[in-house]
Amino acid sequence: MKKRMLPLLLILAMTLSLAACGGKDAPDGGQGADQNGPGSAATAPAGPGGEELADEQVFHYYTGNEPSTLDPWMNNSGAASIIIAAIHEPMLRPSLEGEGWEPGLCDSYEKSEDATVHTLHLREGAKWQDGTDITVEDIYNSYLRVLNPELGSSMAYRYFPILNAERFYMGEVPAGELGVKVLDGNRIQFTTAKPCDYFVDMMTADSFAPVQAAAAGTFGEMYGTDVDKVVASGPFKLTEWTHQHSLVLEKNENYWDAENVKLEKLDVTITVDQNTILGMFQNGELSLLKVSNELLPQYAEDPTLETDSRLMVTFIEFNPKNEFLANKNIREALSIAFDRRVYAQQVMHNEHLAAYGLVPYGVKGLDGGDFREQNGNIVADASDPAEIERARQLLATGLEELGRTVEELQAGFTIQCLDSGKTQAQAIQNMWKTNLGVEMPVSVVDFNVLLPMLMEGTFDCVIGGGQDSNYRDPEGFMNFIYEEGKWDDPEYLALMEKVQTQTGDERIQTWMDIERLVLENFIYIPQVYSENNWVFQTNVRGVQIFTYGYEFDFKNVCIVK
């Protein structure tokens, strides 16, 4: 496998990166559209159901981590993506109806019959926050910038479906051979290296929102790192950034659809302290609250409670470079000893979230069906009593193969997690102690320490990692293993090379084979699929949610009296 300068594709699900939100009685917006035709522009009525708008149009939001950047092309944080999408208008916007797309910076999209040529039309009159015109050259230069070998962007993998993107990134071909072309003053065309039905979904991602060429040239890799180093194109613009404390976004008067944006300000607090967050919500200082499992009974009857699912899976990741975790029998024993249903029921308060595969429900399968339903449950666990004895035998066999003892195993690796995931890590630690008689230490690590450990392969066992995707395709949930170059199994590499040349159901079937192979080697141990509970202040309307990509859209939010 070619080793690439790529970071972890994981989303650390146990960070306070807000995962999904919905607002009851959202204002009506534009209609959805299929992938071959546009929808109408989203709008927000002055007052849903005839309600009168409040004098102060401010939405109070919070995030758990300081964004390392608000550059859409360099960001790898789900929490930051929400803010990025508020200030950088995507090429196309996700449909408010949940399927297809709506106009964003571009007002039309067409694809060739074989889904290899994709053409978008930049809307007329679109402007940056400084009043200058947004051009197709800005879009084109965004791709040249992120794929420029001199920049060495660790996010470049996102754009590799484009013809010759990886080769350009590796310095093997000139820019003229990149599959991105400006056709005329308002059209830009992308050619993909293979048929790519989900390319339109990629165009709705915040990571494909262009940045102003002039600003990118001036600030370079520092673009998006401070309030004076961002040039907005979205509904809002960044006006204040007190690092490690707060951000303020205000309405962008030069946004193409500014007349339909009701919010005047988006106030963002940065904190991981759950008591602070709860107190702020109860005092009316936050417009929404993510309801923890512990708080769910308290808010179960709240009329604003929203339960939302996302296309995401969390998993335990083992590092096969660790002496003990390099042994497949030990990895399998630990996998079996993790009872997903009990974990989902007791920790997540929903046993239906138990994950027995890497690809969640709702992803495209064979003949348009559901991938998860078709590929079935792959891993076994302690929910079957017979499996517990088998796990103990596997552990004993693995230790015998290594010539090691249980005591040496317990001292041989550590469970790493974030502070917000300590309860989850301890639950799994307890299952391994109960079912296998081994007690692994738990180490709580800061996000900014854990991420480099994952990227550099210096971790042992991380609990709370996960994967989501900007498109409803199995590739989005498994390609990261290959791109990160973490596993060099010959059979796996052969399947990964094979799937890159396939289309249609043949390609989907190979992804099913890949998922089974990966899980049967017990490096990634699926935990649960994603579901989040939110409550809102009763005067909030119009918060949009999406099952994949960036989670919140504030464009249509308004505050009523």
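Fair warning: this is a prediction, and the values are worked out from it, not measured in the lab. Residues: numbered from 1 along the sequence shown. Computed over heavy atoms, backbone and side chain alike; hydrogens, waters and symmetry mates excluded.
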Cys196 side chain near Phe190 side chain, heavy-atom distance below 4.5 Å = no

key: Main-chain N/O of Pro235 paired with Asn252 side-chain donor or acceptor, under 3.5 Å   = no

Note, Thr314 side chain near Ser530 side chain (heavy atom, < 4.5 Å) = no

inquiry  = Closer than 4.0 angstrom, basic N to acidic O: yes or no for Lys111 and Asp197?
reply    = yes

key: Heavy-atom side-chain proximity of Asn254 to Trp128 below 4.5 angstrom   = no

inquiry  = Determine whether a donor-acceptor pair (N or O, by modelled atom type, separation under 3.5 Å) exists between the side chain of Gln467 and the backbone of Gly476.
reply    = yes

ask   = With no hydrogens and no angle check, is any side-chain donor or acceptor of Thr192 less than 3.5 Å from a backbone partner on Pro195?
value = no

query = Do Asp201 and Tyr548 have side-chain N/O donor and acceptor atoms under 3.5 Å apart?
reply = yes

task = Answer yes when Lys555 and Glu102 have at least one side-chain N-carboxylate O distance shorter than 4.0 Å, and no when they do not.
result = no

request  = Assess whether atom CD of Glu137 is packed by more than 12 heavy atoms of other residues, nucleotides or ligands within 6.0 Å.
outcome  = yes

Backbone of Ala213 reached by a side-chain donor or acceptor of Asn141 within 3.5 Å = no

query = Looking at CG of Leu334 and CE of Met440, how far apart are the two atoms once the value is rounded to the nearest 0.5 Å?
reply = 5.5 Å

Gln212 and Asp130: CA distance, side-chain angles, deciding distance, side-chain hydrogen bond (donor to acceptor under 3.5 Å, both in side chains) verdict = CA-CA 10 Å; Gln212 187 187 61; Asp130 60 11; 3.1 Å; yes

key: Which atom of Thr119 lies closest to which atom of Gln189, heavy atoms considered   = OG1-NE2, 3.3 Å

ask   = Is Glu515 paired with Arg372 through a side-chain N to carboxylate O contact shorter than 4.0 Å?
value = yes

Minimum side-chain heavy-atom gap Phe160-Leu147 below 4.5 Å = yes

query = Between Tyr550 and Ile84, is any pair of side-chain heavy atoms under 4.5 Å apart?
reply = no

Residues in salt bridge (charged side-chain N to carboxylate O under 4.0 Å, His left out) contact with Lys498, at least two apart in sequence or another chain = none

inquiry  = Would you compute the distance between atom CD of Glu317 and atom CG of Leu454 and round it to the nearest 0.5 angstrom?
reply    = 6.0 Å

ask   = Is the closest basic N to carboxylate O distance between Asp257 and Arg123 below 4.0 Å?
value = no

query = Closest heavy-atom contact between Ile463 and Cys417?
reply = O-CB, 3.9 Å

message = Donor-acceptor pair, distance only, cut-off 3.5 Å: does the side chain of Arg145 make one with the backbone of Gly220?
response = yes

task = Report the distance from atom CG of Asn186 to atom SG of Cys106, rounding to the nearest 0.5 Å.
result = 9.5 Å

query = Taking Ser233 for the side chain and Glu89 for the main chain, is one N or O donor matched with an acceptor at less than 3.5 Å?
reply = yes

Arg340 to Tyr356 six-membered ring, cation-pi geometry met (6.0 Å, 45°) = yes

request  = Look at the rings of Tyr109 and Trp101 and say which category their plane angle falls in: under 30° parallel, 30 to 60° tilted, over 60° perpendicular.
outcome  = perpendicular

ask   = Would you say the side chain of Leu517 lies within less than 4.5 Å of the side chain of Asp489, judging by non-hydrogen atoms?
value = yes

message = Any non-hydrogen side-chain atom of Pro90 less than 4.5 Å from a side-chain atom of Thr204?
response = no

key: Leu105 side chain near Leu122 side chain, heavy-atom distance below 4.5 Å   = yes

query = What about the rings of Tyr61 and Phe554, do their centers lie closer together than 6.0 Å?
reply = yes

inquiry  = Could you check whether Asp226 pairs with Lys229 (Lys NZ or Arg NE/NH1/NH2 to Asp/Glu carboxylate O, under 4.0 Å)?
reply    = no

